[in-house]
Amino acid sequence: MSGYIDLHIHSTASDGSFRPAELVQQALLLNLEAISLTDHDTVSGYTEAAEAAQGTVLQVIPGIEISTRFRRAVHLLGYGFEPASPVLREVLDWIVDDRDLRNEKICALMRKDGLPVTYPEMKQRFGEIVGRPHFAQLLLEFGLADSVEDAFHRYLEKGCRYYQLRNFLSFETSVETIRKAGGLPVLAHPFQYRLDDAGLRELIRHGLDYGLCGLECRYSGYTEEQCVYLLRLSEEYRLIPTGGSDFHGSSKPEITLGDANVPSAYLDPIRNQSLS
Ligand code: AMP
Ligand code: FE
Ligand code: FE
Ligand code: ZN
């Protein structure tokens, strides 16, 4: 895999199953040249990954994936920002506080059904970012579901017993925040939003108004044809093309690290832009 990178990876800092240092070891075994941990709503895995990669040939780029809203759920990636940025911290704290409120409600519902769940214990076990995938994991362990997917279908999806709404940062604020933190905001997995060509272009143009810099053009499961289409869009709107696997480890076993075959050349504009 020499000559390749993977810029979309989740660790135990959010809902991935491998620790940041383990991901660094796996990336080294695959001869990847650079990785970015893009944990949901947190940068807390960065330090461990950067330290594990020190003295090796692997580059670790600061990264994040923020769940935002623009009419629908839109995921925004950020790269190369200052991990300790106070502007970013403030926004991430808001997200964690909001998650905490929602998660406490889910725990209370589960306790009412006699399940031994306390939120402090979940935070202790899963860390700062506790999400529905962790509740799915518990339901699996209680023998109430056969798989994470099954736990979502039975209990955690909208309309189900343990579904509780959480609030989302707007797409616009998220783009601006990544910029203010010195990073590059990138639209994640553009085919996930069920938009047609006109809809996707509208989303991109709207993002550009707030400082969007990149488009995720290579992604696990996207065909060459789809990648070519996205690359063409990135050229047309002068967006930096990025790519990554969205590796989560055991919770998404169909995806492996390095899956998206992202050439190392993709790194150059990211490095140049985040330095300036
Ligand atoms: P949360 O942000 O805590 O509400 O959890 C959202 C996360 O749950 C998403 O990032 C997905 O990874 C995961 N998720 C959502 N729906 C499903 C589903 N039907 N099956 C498996 N995972 C899901
Ligand atoms: Fe996830
Ligand atoms: Fe995503
Ligand atoms: Zn992701």
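Just so you know, ligand 1 is whichever comes first in the structure, and atom 1 is the first atom listed for that ligand. Positions are given from 1, in the same order as the sequence printed here.
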Check your understanding: Do NZ/NE/NH1/NH2 and the carboxylate oxygens of E90 and K180 come within less than 4.0 Å?
Key -> no
Point to revise | N-O pairing of E104 and R111 below 4.0 Å | key: no
**Study point:** Salt-bridge contact E128-K123 (side-chain N to carboxylate O under 4.0 Å)
**Key:** no
Check your understanding: Relative to the Fe ion (ligand 3), which of the N, O or S atoms in H75 is the closest?
Key -> ND1
Revision key, fill the gap. Y162 meets the side chain to side chain donor-acceptor pair (under 3.5 Å) criterion, sequence neighbours left out, with D113
Point to revise | SB check D93 R89 (cutoff 4.0 Å) | key: yes
Revision key, fill the gap. The atom of H189 among N, O or S that is nearest the Fe ion (ligand 3) is NE2
Review point. Would E141 and R125 pass as an ion pair if we require N to O under 4.0 Å?
Key: yes
Review point. When you look for protein heavy atoms under 4.0 Å from ligand 1, which residues do they belong to?
Key: D15, H40, R99, R102, G131, R132, P133, E149, F152, E157, R166
**Study point:** Pairing of R132 and D15 as salt bridge, 4.0 angstrom limit
**Key:** no
Cut-off 3.5 Å, no hydrogens considered: what does the side-chain donor-acceptor table look like for residues 206-213, sequence neighbours left out?
unit_1: H206; atom_1: NE2; unit_2: E172; atom_2: OE2; d: 2.6

Exercise for review: Could you tell me how the ring of Y229 sits relative to the ring of F191: parallel (under 30°), tilted (30 to 60°) or perpendicular (over 60°)?
Suggested key: parallel
Review point. Does a side-chain heavy-atom distance below 4.5 Å link L200 with D196?
Key: no
Point to revise | Presence of N, O or S from H8 under 2.8 Å of the Fe ion (ligand 3) | key: no
Point to revise | Y155 six-ring centre to R161 NZ/CZ under 6.0 Å and within 45° of normal | key: no
Review point. Around the Fe ion (ligand 2), how many protein N, O or S atoms are closer than 2.8 Å?
Key: 3
